[in-house]
Amino acid sequence: MEGLRGGGGHGEAAVDGGDERWVEDSSVDYQGRPPLRAATGSWKAAMFIILIEFSERLSYFGLATSLMIYLTKVLQEEMKFAAKNVNYWTSVTTLMPLVGGFLADGYLGRFSTVLFSTLIYLSGLILLAISQLSPRLKPERNLHLHETLFFVAIYLVSVGTGGHKPALESFGADQFDDGHAAERVQKMSYFNWWNCALCAGVLLGVTVIVYLQEKVGWGAAAVVLATVMAASLAVFLAGWRHYRYRVPEGSPLTPLVRVLVAAARKRHLHLPSDANELYEVKPQNIKRRLLCHTDQLRFLDKAAVVEHDGGEERRGAWRLATVTQVEETKLVLAMVPIWVATLPFGITAAQVSTFFIKQGSVMDRRMGPHFTLPPASTFAMAAIGMIVAVAVYDKVLEPYLRRLTGGERGLSILKRIGVGIAFTIVAMAVAATVERRRLRSASPASMSVFWLVPQFLLMGIGDGFALVGLQEYFYDQVPDSMRSLGIGLYLSVIGAGSFLSSQLITAVDRVTSHGGAAAGWFGKDLKSSRLDLFYWLLACIGVANLVFYVVVATRYSYKTVMAGGKVVDDKAGDIECAAAAAAAAY
């Protein structure tokens, strides 16, 4: 009977007796056929995709890290207003991927979304170059018009990022088959090396591009960024024959809503004592992966209870859901506490591109008699910290932990995120200590910028654990049809964190200044501010939140997948699903 579930463990290479030459994970090649494994996907395709991510991060961080300096020095904004503008722009940039991910998964497809969003991104860079190079649009000629075009340009970059980031990263991960043991391990390294390429772009963005901005001009830098982006788009398009594509199937949210509606309709029914009596399709009837049943949120299981009316089964998309659809809904709902618990990390991360950079701008940045480090280039220390952390984790720590535990991965995804959060808390404490020393210094401007190295490095190391972990978590744990949206959810942690950082600055400023009647923690400049106290506040919030995160993470159940194409007896199915769940916990 189709309603009885087959069991299964974690998806292995292919259907028993199947042909491993072909990829059977519902992806297609450029001609719409099942992909040939040797000719498509894996690293041969991923390298084209990683290259365009490098150019996007080069552009984004070349702009983002200098934005605070540009707003205060060129557009003459006060420090707290400039910080809010940077945070709002960062929020939009990192929340837009929710829209881009939804469109990529449901309607446009990931490849098309990357193409269209890159063209929008490129138009923003071109407009930025025009606003800087045209004599009539320069700030000293017409500040209001220049400011308008400047913000339109950078928000075009935001919109472009909204489609580019979620679709590109998930499209890259799609090149690895989860049902093939070797490619599954390669995918774990993919996220690490994706972030190394990302950090390489960041490193050049905050050094070479920032240097061009400061010594040659923003116009020249924008021309370079637009040229690199156009060249990387050409390389990305050159790999189209090697890619594995996913055909969009409509809104990825509709199946989740159907489960909720079906469960509500059947809320008065009793759940069967045996979960194998719940409705599920036969594995060989579909190409999608089937999920194992879990005991979380049991009320949703009623959506998979088969109703009988006059001896006949009552079915319908809004009345009966499969166990896999129910489990996918559980996964999405279970992500909400994890998402909330990582928001303070997003708040902390927002300080690196705002107050950390501003600190560096008022310190001694001389490197020898003839070179002065641009303020935004101090961000390079965070990028170096992240590159080192990712490389050490991938090449040293993870292989050691794999041998130690016998599992496929070193740390579980949520443990990796927790380690990163802990590093960022320490970074805030170090930042508070350094800022306090700077304020007490007889000559703050003579204090070397290299005092900021520890806090930047600690934040970079924290990102190497937490950010990579968040990427993998939101890609891996969402339903297969929502993976671009999953990357959008990961980015929304940073976006919501930046927005909350702005709100926190406003609230703290109002409280500490007694509504403007006295000097608060945020003055017109760093000299009249108390950033050290703000950093200590963030560290305390981080400690309290880490306790909450640990509680939530320890109760989380990872996605467990049935063995591809195998139908086993019910008892064996329970055993294999239990084994898969145990493996996922490593």
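Taking the salt bridge (charged side-chain N to carboxylate O under 4.0 Å, His left out) definition, one finds that Arg483 meets it with Asp178, Asp480, sequence neighbours left out. With sequence neighbours left out, the salt bridge (charged side-chain N to carboxylate O under 4.0 Å, His left out) criterion links Lys84 to no other residue. Scored by the side chain to side chain contact (heavy atoms under 4.5 Å, CB included) test, Val99 finds Leu103 as partners (sequence neighbours excluded). Listed by chain and residue number, Asp301 satisfy the side chain to side chain donor-acceptor pair (under 3.5 Å) test with Arg298 (two or more places apart in sequence, or in another chain). For Phe236, the ring pair (Phe, Tyr, Trp, His ring centres under 6.0 Å) partners at least two apart in sequence or on another chain are Phe111, Tyr243. Listed by chain and number, the residues in a side chain to side chain contact (heavy atoms under 4.5 Å, CB included) with Ala64 are Tyr60, Trp89 (sequence neighbours excluded).
Taking the six-membered ring where the residue is Trp, the centroids of Phe345 and Tyr549 are separated by 6.0 Å or more. When ring centroids are compared, Tyr475 and Tyr473 stay outside the 6.0 Å threshold. Aromatic pair Phe356/Tyr535: ring centres closer than 6.0 Å.
Ile49 has its side chain within reach of Trp194: a pair of non-hydrogen atoms, C-beta onward, lies under 4.5 Å apart. Here the side chains of Met96 and Thr161 are not in contact, with every heavy-atom distance at 4.5 Å or above. Thr433 places a side-chain heavy atom less than 4.5 Å from the side chain of Trp536. Within the 4.5 Å cutoff, the side chain of Lys330 has heavy atoms near those of the Leu300 side chain.
Judged by distance alone, the side chain of Ser251 and the main-chain N or O of Leu253 form a donor-acceptor pair under 3.5 Å. Judged by distance alone, with hydrogens and angles left aside, the side-chain atoms of Ser27 form no donor-acceptor pair with the main-chain N or O of Val23 at under 3.5 Å. For Ser501 (side chain) and Gly497 (main-chain N/O), no donor-acceptor pair under 3.5 Å exists by modelled atom type. One N or O on the side chain of Arg244 and one on the backbone of Gln175 form a donor-acceptor pair closer than 3.5 Å. Looking only at distances, no side-chain donor or acceptor of Thr93 sits under 3.5 Å from a matching main-chain atom of Ser158. A donor-acceptor contact shorter than 3.5 Å links the side chain of Arg416 to the backbone of Gly464. Checking side-chain atoms of Glu280 against main-chain N and O of Thr324 turns up a donor-acceptor pair under 3.5 Å. Remark: side-chain polar atoms of Ser117 are paired, donor with acceptor, to backbone N or O of Val114 under 3.5 angstrom.
Applying the salt bridge (Lys or Arg N to Asp or Glu O under 4.0 Å) test to pairs two or more places apart or on separate chains, those with a residue in residues 376-401 are Glu398-Arg402. Among residue pairs with one or both ends in residues 425-435, those qualifying as salt bridge (Lys or Arg N to Asp or Glu O under 4.0 Å) are Glu435-Arg438; sequence neighbours excluded. Within the structure, side chain to side chain donor-acceptor pair (under 3.5 Å) contacts touching residues 94-105 (residues at least two apart or in different chains) are Asp105-Arg110, Asp105-Ser484. For residues 396-415, there are no ring pair (Phe, Tyr, Trp, His ring centres under 6.0 Å) pairs, not counting sequence neighbours. Residue pairs meeting the side chain to side chain donor-acceptor pair (under 3.5 Å) criterion with at least one partner in residues 485-497, sequence neighbours excluded, are Trp339-Ser492, Gln471-Tyr490.
Shortest non-hydrogen contact noted between Leu485 and Leu98 is CD1-O, 3.2 Å. Closest heavy-atom contact between Val332 and Pro479: CG2-CD, 3.8 Å. When all heavy atoms of Gly101 and Pro166 are compared, the pair lying nearest together is N-CG, 3.7 Å. The shortest non-hydrogen separation linking Met459 to Val352 is CE-CG2, 3.7 Å. The shortest heavy-atom contact between Val326 and Ala303 is CG2-CB, 4.0 Å. Shown here for Ala539 and Ala429, the closest heavy-atom pair between the two residues is CB-N, 4.3 Å.
Taking CD1 from Ile387 and CG from Asp463, the interatomic distance works out to 12.0 Å, rounded to the nearest 0.5 Å. A distance of 6.0 Å separates CD1 of Ile421 from CG of Asn545, quoted to the nearest 0.5 Å. The CG atom of Asn87 sits 3.5 Å away from the OG atom of Ser502 when rounded to the nearest 0.5 Å. To the nearest 0.5 Å, atom CD of residue Gln477 and atom CE of residue Met482 are 12.5 Å apart. Taking OG of Ser112 as the reference point, atom CZ of Phe171 lies at 9.0 Å (rounded to 0.5 Å). In this structure, Phe102 CZ and Leu108 CG are separated by 10.5 Å, a value rounded to the nearest 0.5 Å.
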Could you walk me through whether Val323 and Leu291 pass side chain to side chain contact (heavy atoms under 4.5 Å, CB included), step by step? CA-CA 7 Å; Val323 169; Leu291 302 184; over 6 Å; no
Side chain to side chain contact (heavy atoms under 4.5 Å, CB included) between Ile494 and Leu95, intermediate numbers included: CA-CA 8 Å; Ile494 308 301; Leu95 289 174; over 6 Å; no
Ser42 and Gln186: side-chain hydrogen bond (donor to acceptor under 3.5 Å, both in side chains), yes or no, with the steps? CA-CA 8 Å; Ser42 192; Gln186 288 175 349; 3.0 Å; yes
Start with the C-alpha distance between Phe54 and Ile50, add both sets of side-chain angles, then the distance that settles side chain to side chain contact (heavy atoms under 4.5 Å, CB included), and finish with yes or no. CA-CA 6 Å; Phe54 163 82; Ile50 287 176; 5.7 Å; no
Go through the steps to decide whether Leu491 and Phe474 satisfy the test side chain to side chain contact (heavy atoms under 4.5 Å, CB included), and finish with yes or no. CA-CA 9 Å; Leu491 292 167; Phe474 282 108; over 6 Å; no
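A donor-acceptor contact closer than 3.5 angstrom links the side chains of Ser232 and Ser55. Remark: the Glu327 side chain and the Gln296 side chain contain no N/O donor-acceptor pair separated by less than 3.5 Å.
The residues Lys187 and Glu169 are annotated as not salt-bridged, no charged nitrogen and carboxylate oxygen being separated by less than 4.0 angstrom. Here Glu328 does not pair with Lys559 in a salt bridge; the nearest charged N to carboxylate O distance is not below 4.0 Å. Taking 4.0 Å as the cut-off between side-chain N and carboxylate O, Asp532 and Arg437 do not count as a salt-bridged pair. Under 4.0 Å is where a charged nitrogen must lie from a carboxylate oxygen, and between Glu53 and Lys165 at least one such pair does.
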Listed pairs under 3.5 Å, donor-acceptor, residues 377-386 side chains, sequence neighbours left out:
unit_1	atom_1	unit_2	atom_2	d
Ser377	OG	Val206	O	2.5
Thr378	OG1	Pro375	O	2.6

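The side chain to side chain donor-acceptor pair (under 3.5 Å) test with Arg246 is passed by exactly one of Ser481, Ser26, Ser170: Ser26.
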